[in-house]
Amino acid sequence: MSDADGSGDPDAANGSIQADRVTGPHPSRYPGAAAGRPSLATWQDAPDNRWAFAHLGELVPTATVARNVPAVPADATVRLDALTPALPDLEARLEQSFTDAFLVLRGEEVLAEYYRPGFAPDALHLVMSVSKSLCGLVVGALIDESRIDPERPVTDYVPELAGSVYDGPSVRHVLDMQIAIDYDEDYTNPAAEVQAHDRAAGWRARCADDPDDTYSFLTTLRGSGSVGEFQYCSANTDVLAWVIERVTGLRYSDALSVHLWSKLDADQDATITVDTAGFGFANGGVSCTARDLARVGRLMLDGGLAPGGRVVSEEWASAVLDGGDREAMTYEGFTTAFPNGSYTRQWWCMGNERGNVSGIGIHGQNLWLDPQTDSVIVKLSTWPDPDSAFWHGVQSELLLDVSEALDSFG
């Protein structure tokens, strides 16, 4: 894609990196605002007010004043008849696994849907780390356009990461989560790096010595930096988003729109949380409807092609469906359930006979692909625990059972 994508940077368009043009740790992402970032202290003053008055929701929490009184269904929305002959207890299993939204898209047909009481079909739902798979698609689009070289070191694109654990590993190592990092992904441990990451992103109350924002947090990460073995680390996805910003000249939220969401023929806008620097929380901050998330799965099964144009090449989509490096996958929490499983390009690959691939998020979010039946299954949930073997087992068994039920359709 040429500079017509709105990057405004011809050097980025041809893939070149000019580190001497960097004007600070993270130049303003706010068109019309001064270098740096608007803050609670400056947003009402010129020139920051030029941007802030039109984007106040990114600085101050806001509530929607709806133009129509929103319809809140008192009862569950249930359309599961196509699957209940094979799975008569399906609705009960959805209820028991804290499902908010469930959808089965086979080919172009929505075969089944379920929405819990109080949750409308057109409501947005946080998809947590399924957001990572969306980011992987944007990176894939830019690799296909030769704007990102996955074999180049991350610091060629983001020199601010020199001296961090990302000083040396390539973009591909980040994509496939194959970097040894001192980063504890224990969501319930207040001392874990993942909670510090959340605080930098505005997801938790700040501590006095926390970095100002996500950009600053990423520069603090350390570790051996050895590569080749899988380690799940949410920070990797935000590094990818920083690379995306650097090569496109767009904020991540805008790049996600340009390279993915605008091409889906989506019913609704998606949203993404942003920190005080305006940086979108790429690793977990996207919210969307179940139907629109299913459209992302559909483009993967359609070889990277969406209604609004190609998102990634057929080769990129096929590489995800084929799975990643099984030797690199040493995470027993995954291999116990899927012995031949792998992880590639921000997607989990089950390595089973069905060839299932999924975007997965804590508290029970799944964008599940079943190539054998050309189907996409979306399950958005609110488990009481963020990440446990029990709930993952319940969810995986349900998704596999639904996949097998689809075999009976001609």
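Position 1 is the first residue of the sequence; numbering continues from there.
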Exercise for the section: Verify side chain to side chain contact (heavy atoms under 4.5 Å, CB included) between Lys379 and Val402, making sure each step is shown before the conclusion. Expected result: CA-CA 11 Å; Lys379 187 175 186 296; Val402 172; over 6 Å; no
Problem - Output field: ring centroids Phe281/His197 closer than 6.0 Å - result: yes
Practice task
Dump the intermediate steps for side chain to side chain donor-acceptor pair (under 3.5 Å) on Trp368 and Ser403, then the final yes or no.
Solution key: CA-CA 9 Å; Trp368 179 271; Ser403 297; 3.0 Å; yes
Exercise for the section: To the nearest 0.5 angstrom, please state how far the CD atom of Gln395 sits from the CG atom of Leu400. Expected result: 11.0 Å
Handout entry: Any donor-acceptor pair under 3.5 Å from Glu245 side chain to Arg251 backbone
Key = no
Practice task
Grab the two heavy atoms, one from Asp122 and one from Gln268, that are nearest each other, plus how far apart they are.
Solution key: CB-NE2, 3.7 Å
Practice task
Inspect the surroundings of CD in Glu95 and state if more than 12 heavy atoms from other residues, nucleotides or ligands are less than 6.0 Å away.
Solution key: yes
Practice task
Ignoring hydrogens and angles, tell me if any N or O in the side chain of Glu113 forms a donor-acceptor pair with the backbone of Leu103 under 3.5 Å.
Solution key: no
Handout entry: Salt-bridge contact Asp144-Arg310 (side-chain N to carboxylate O under 4.0 Å)
Key = no
Problem - Of Asn356, Ile377, Asp370, Val394, the residue whose pairing with Leu399 passes side chain to side chain contact (heavy atoms under 4.5 Å, CB included) - result: Ile377
Problem - side chain to side chain donor-acceptor pair (under 3.5 Å) between Ser216 and Asp213, intermediate numbers included - result: CA-CA 5 Å; Ser216 300; Asp213 50 48; 3.2 Å; yes
Exercise for the section: Verify, without hydrogens or angle tests, whether Arg326 (side chain) and Asn340 (backbone) share a donor-acceptor contact under 3.5 angstrom. Expected result: yes
Handout entry: Residue Asp89 excluded, over 12 heavy atoms near CG under 6.0 Å
Key = yes
Completion exercise
OH of Tyr114 to OG1 of Thr77, rounded to nearest 0.5 Å, is 9.0 Å
Completion exercise
Nearest heavy-atom contact between Cys135 and Leu240 is SG-CB, 4.0 Å
Exercise for the section: Assess whether side chain to side chain contact (heavy atoms under 4.5 Å, CB included) is satisfied between Asp198 and Phe217, documenting all intermediate values. Expected result: CA-CA 10 Å; Asp198 281 354; Phe217 170 78; over 6 Å; no
Practice task
Step through it carefully: locate the ring centre of Tyr331, locate the ring centre of Tyr232, and say whether they are under 6.0 Å apart.
Solution key: no
Practice task
For the residue pair Thr42 and Asp45, confirm or rule out a side-chain donor-acceptor distance under 3.5 Å.
Solution key: no
Problem - Heavy-atom pair of closest approach, residues Ser131 and Val286 - result: OG-N, 3.1 Å
Completion exercise
Rounded to the nearest 0.5 Å, the CG atom of Leu301 sits from the CG atom of Leu105 at a distance of 8.5 Å
Exercise for the section: Kindly say whether Thr237 contributes a backbone atom to a donor-acceptor pair with the side chain of Gln346 at under 3.5 angstrom? Expected result: no
Practice task
Check for a donor-acceptor pair, side chain of Ser129 on one end and backbone N or O of Lys132 on the other, with a separation under 3.5 Å.
Solution key: no
Completion exercise
Taken to the nearest 0.5 Å, the spacing of Asp385 CG from Thr188 OG1 works out to 9.0 Å
Practice task
Could you tell me whether the side chain of Thr248 reaches within less than 4.5 Å of the side chain of Val258, counting heavy atoms only?
Solution key: no
Handout entry: Interatomic distance, Phe230 atom CZ to Asp325 atom CG [nearest 0.5 angstrom]
Key = 11.5 Å
Problem - Salt-bridge contact Asp267-Arg291 (side-chain N to carboxylate O under 4.0 Å) - result: no
Problem - N/O donor-acceptor pair under 3.5 Å between Thr84 side chain and Asp81 backbone - result: yes
Exercise for the section: Count the heavy atoms of every other residue, nucleotide or ligand shown that sit under 6.0 Å from CD of Glu151, and state whether that count exceeds 12. Expected result: yes
Fill in the blank from the handout: Rounding to 0.5 Å, atoms CZ (Arg204) and CG (Asp210) come to a distance of 11.5 Å
Exercise for the section: Check whether any side-chain N or O of Asp48 sits under 3.5 Å from a backbone N or O of Ser39 as a donor-acceptor pair, and report yes or no. Expected result: no
Practice task
Mind running side chain to side chain donor-acceptor pair (under 3.5 Å) on Thr219 and Glu160 for me, showing each step along the way?
Solution key: CA-CA 7 Å; Thr219 67; Glu160 296 90 334; over 6 Å; no
Practice task
Give a yes or no on whether the backbone of Ile179 and the side-chain of Glu229 come within a donor-acceptor separation of less than 3.5 Å.
Solution key: no
Practice task
Before giving the answer on side chain to side chain contact (heavy atoms under 4.5 Å, CB included), spell out for Trp347 and Leu321 the whole-Å C-alpha distance, their side-chain angles and the decisive distance to 0.1 Å.
Solution key: CA-CA 9 Å; Trp347 292 81; Leu321 296 178; over 6 Å; no
Practice task
Ignoring hydrogens and angles, state whether a donor on the side chain of Thr214 or Asp275 is under 3.5 Å from an acceptor on the partner side chain.
Solution key: yes
Handout entry: Short side-chain to backbone donor-acceptor contact, Asp184 and Glu193, under 3.5 Å
Key = no
Handout entry: Pair Arg298 + Asp374, salt bridge at N-O below 4.0 Å
Key = yes
Practice task
Return the orientation label for the Phe119 and His125 ring planes: parallel under 30°, perpendicular over 60°, tilted otherwise.
Solution key: perpendicular
Completion exercise
Looking only at heavy atoms, the pair that brings Pro371 and Arg354 closest together is CD-O, 3.8 Å
Completion exercise
When every non-hydrogen atom of Thr344 is compared with those of Ala319, the smallest separation belongs to CG2-O, 4.1 Å
Exercise for the section: Apply side chain to side chain contact (heavy atoms under 4.5 Å, CB included) to Thr335 and Thr330, showing your working. Expected result: CA-CA 7 Å; Thr335 58; Thr330 58; over 6 Å; no
Handout entry: Whether Tyr187 side chain and Ala192 backbone form a donor-acceptor pair below 3.5 Å
Key = no
Handout entry: Closest contact, heavy atoms only, Ala241 versus Phe279
Key = CB-CZ, 3.7 Å
Handout entry: Residue among Trp348, Trp383, Phe334 satisfying ring pair (Phe, Tyr, Trp, His ring centres under 6.0 Å) with His392
Key = Trp383
